[in-house]
2 protein chains.
Amino acid sequence: MTDAPRPPFEHPANALVLEIFRANGALIRLGDALVKPLGLTSARWQVLGAVAQGHGGLPVARIADNMGLTRQSVQRIVDELAEAELVGFAPNPAHKRAKLVVMTPRGQRLFQRASERWAPYADAIAAALDPRRLRSTTDNLATLRGFLDQTNDRSSE
Amino acid sequence: MTDAPRPPFEHPANALVLEIFRANGALIRLGDALVKPLGLTSARWQVLGAVAQGHGGLPVARIADNMGLTRQSVQRIVDELAEAELVGFAPNPAHKRAKLVVMTPRGQRLFQRASERWAPYADAIAAALDPRRLRSTTDNLATLRGFLDQTNDRSSE
DNA sequence: CGAGATTTGACAGCATCCTGTCGTTATGAC
DNA sequence: GTCATAACGACAGGATGCTGTCAAATCTCG
């Protein structure tokens, strides 16, 4: 049994990476199904959430940084959300072109409804992973992401 | 302090979900940069890895299941890999149309080179997260994914 | 105050993954 | 043995995210 070809799949880090990919996919699928009846998608819901967090309004580039995405990806979603009148643009006193993205009342109502739909699932996740595991998993992923971001930044220099 | 608008962002599960999204994005970016000099992308590398694991050859649908993706996504990548002669198709004794995807020698060599490039990063991850954390994080994500897959399957019935 | 660097938005093109639908092939119930 | 079901591949279309490039606005520093 020493002849089994053993590519570095045995490495513990690889198992983690594969689980992250699978969890990411499963979360997006769940999110899409969850907000589809509201006319939303996972991506739009996420951007809406990021806008909701920036109470005073944030430029697109800031939202992208918060989400770990590029400006272009977020810009496209924001434009679509603006088209649907779920978000609007407020003048930015600190930058003429970089207008602030703010929620419209309609956007707030829709986001509220999405949040209500999500709540039971969030609770179920918290039930499947007790508070200690939930927190340690989050912390460990944050540690991993810190390393990855650092590595990515370094290679782009 | 009871008036702060508090959408369910405070929920511990949400912090975990956001970290999974960010980690996923960072991993794909790192993977793309890592195998770009080899003429590969993250997705092709991943599919190549899945083919490498199925030593005897697997039909596309099986590979997709293993990766948590749809058949169509994997099929397109496999076709491109076949075009580049990195994988080939072997007849499937159990199914006339569902041919088995197998590595070509060239694919094996390329995957080997990608693995060698990845190894230092895998080690670095294992260094940033000690074995116990690495394993518990992987296990907890697997638990989460079990719940998510179950929920997704249920809603598609 | 002025030149270069940085940040931000706009536009174009591409890679990846999804859903929906159809025809072919295997499998299982009867 | 036959028919319904499931599994698999093929094809079309849409959604999301990325890179590359350029212009406008701001900031930094001498």
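Throughout, a chain's letter reflects where its sequence line sits, starting with A, and its residues are numbered from 1. Only a predicted model underlies this, so the values are computations on that prediction, with no experimental measurement involved.
- A salt bridge is absent between Glu116(A) and Arg113(A); no separation between the charged side-chain nitrogens and carboxylate oxygens falls under 4.0 Å.
- Here Leu27(B) contributes atom CG and Leu34(B) contributes atom CG; the two are 11.5 Å apart, rounded to the nearest 0.5 Å.
- Distances from the side chain of Arg62(B) to the nucleotides dG20(D), dC8(D), dG9(D) place dC8(D) closest.
- Distance Leu27(A) CG to dT16(D) C1': 16 Å, rounded to the nearest Å.
- In the set dA25(D), dC17(C), dG20(D), dC17(C) carries the atom at the smallest distance from any side-chain atom of Leu69(B).
- Arg29(B) has its CZ atom 11 Å from the P atom of dG17(D), to the nearest Å.
- Under 4.0 Å is where a charged nitrogen must lie from a carboxylate oxygen, and between Asp149(A) and Arg145(A) at least one such pair does.
- The distance from atom NZ of Lys96(B) to atom C1' of dT27(C) is 15 Å, rounded to the nearest whole Å.
- Across dG9(C), dC18(C), dT16(C), the shortest atom-to-atom separation from the side chain of Val60(A) is found for dG9(C).
- Atom CG in Asp79(A) sits roughly 13 Å away from atom P in dT16(D) (whole-Å rounding).
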Q.
Please evaluate residues Asp130(B) and Arg133(B) with respect to the criterion salt bridge (Lys or Arg N to Asp or Glu O under 4.0 Å), reporting the C-alpha separation (whole Å), side-chain torsions for both, the decisive distance (0.1 Å), and the verdict.
A. CA-CA 5 Å; Asp130(B) 63 85; Arg133(B) 290 174 202 267; 2.7 Å; yes
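- Looking at the side chain of Ala61(B), the nearest of the listed nucleotides dT25(C), dT16(D), dG9(D) is dG9(D).
- Between the P atom of dA15(D) and the CG atom of Leu81(A) lies a distance of 13 Å, rounded to the nearest Å.
- Nucleic acid contact class of Arg76(A) (heavy atoms, under 4.0 Å, all strands): base.
- Here dC8(D) presents its P atom at 11 Å from CG of Leu100(B), a figure rounded to the nearest Å.
- Taking for each of Ala94(A) and Gly68(A) the nucleotide of DNA chain D with the nearest heavy atom, the 5'-most of the two is the partner of Gly68(A).
- For the pair Gln75(A) and Lys36(A), nearest-nucleotide mapping onto DNA chain C gives the more 5' position to Gln75(A).
- For Ile77(A) and dC18(D), the CD1 to C1' distance is 13 Å, given to the nearest whole Å.
- Separating the CG atom of Asp32(A) from the C1' atom of dG14(D) is a distance of 12 Å, rounded to the nearest angstrom.
- One finds a side-chain N or O of Thr70(B) lying less than 4.0 angstrom from the OP1 or OP2 phosphate oxygen of dC18(C).
- Screening Leu48(B), Val47(B), Thr41(B) for a side-chain contact (heavy atoms from CB on, under 4.5 Å) with Ile77(B), the sole residue that qualifies is Val47(B).
- Counting heavy atoms from C-beta outward, Leu86(B) and Leu40(B) have side chains that approach closer than 4.5 Å.
- With distances taken from any side-chain atom of His95(B) to the nucleotides dT8(C), dC8(D), dG17(D), the minimum falls on dC8(D).
- Of the side-chain N and O atoms in Arg97(A), none sit less than 4.0 angstrom from OP1 or OP2 of dA23(D).
- At dC18(C), one or more side-chain N or O atoms of Ser73(B) fall inside 4.0 Å of OP1 or OP2 (strictly under the cut-off).
- A donor N or O paired with an acceptor N or O is found under 3.5 Å between the base of dG20(D) and the side-chain atoms of Gln72(A).
- Nearest nucleotide to the Ala43(A) side chain, out of dT19(C), dT16(D), dT16(C): dT16(D).
- Out of dT24(C), dC8(D), dT16(C), the shortest distance to the side chain of Arg71(B) is found at dC8(D).
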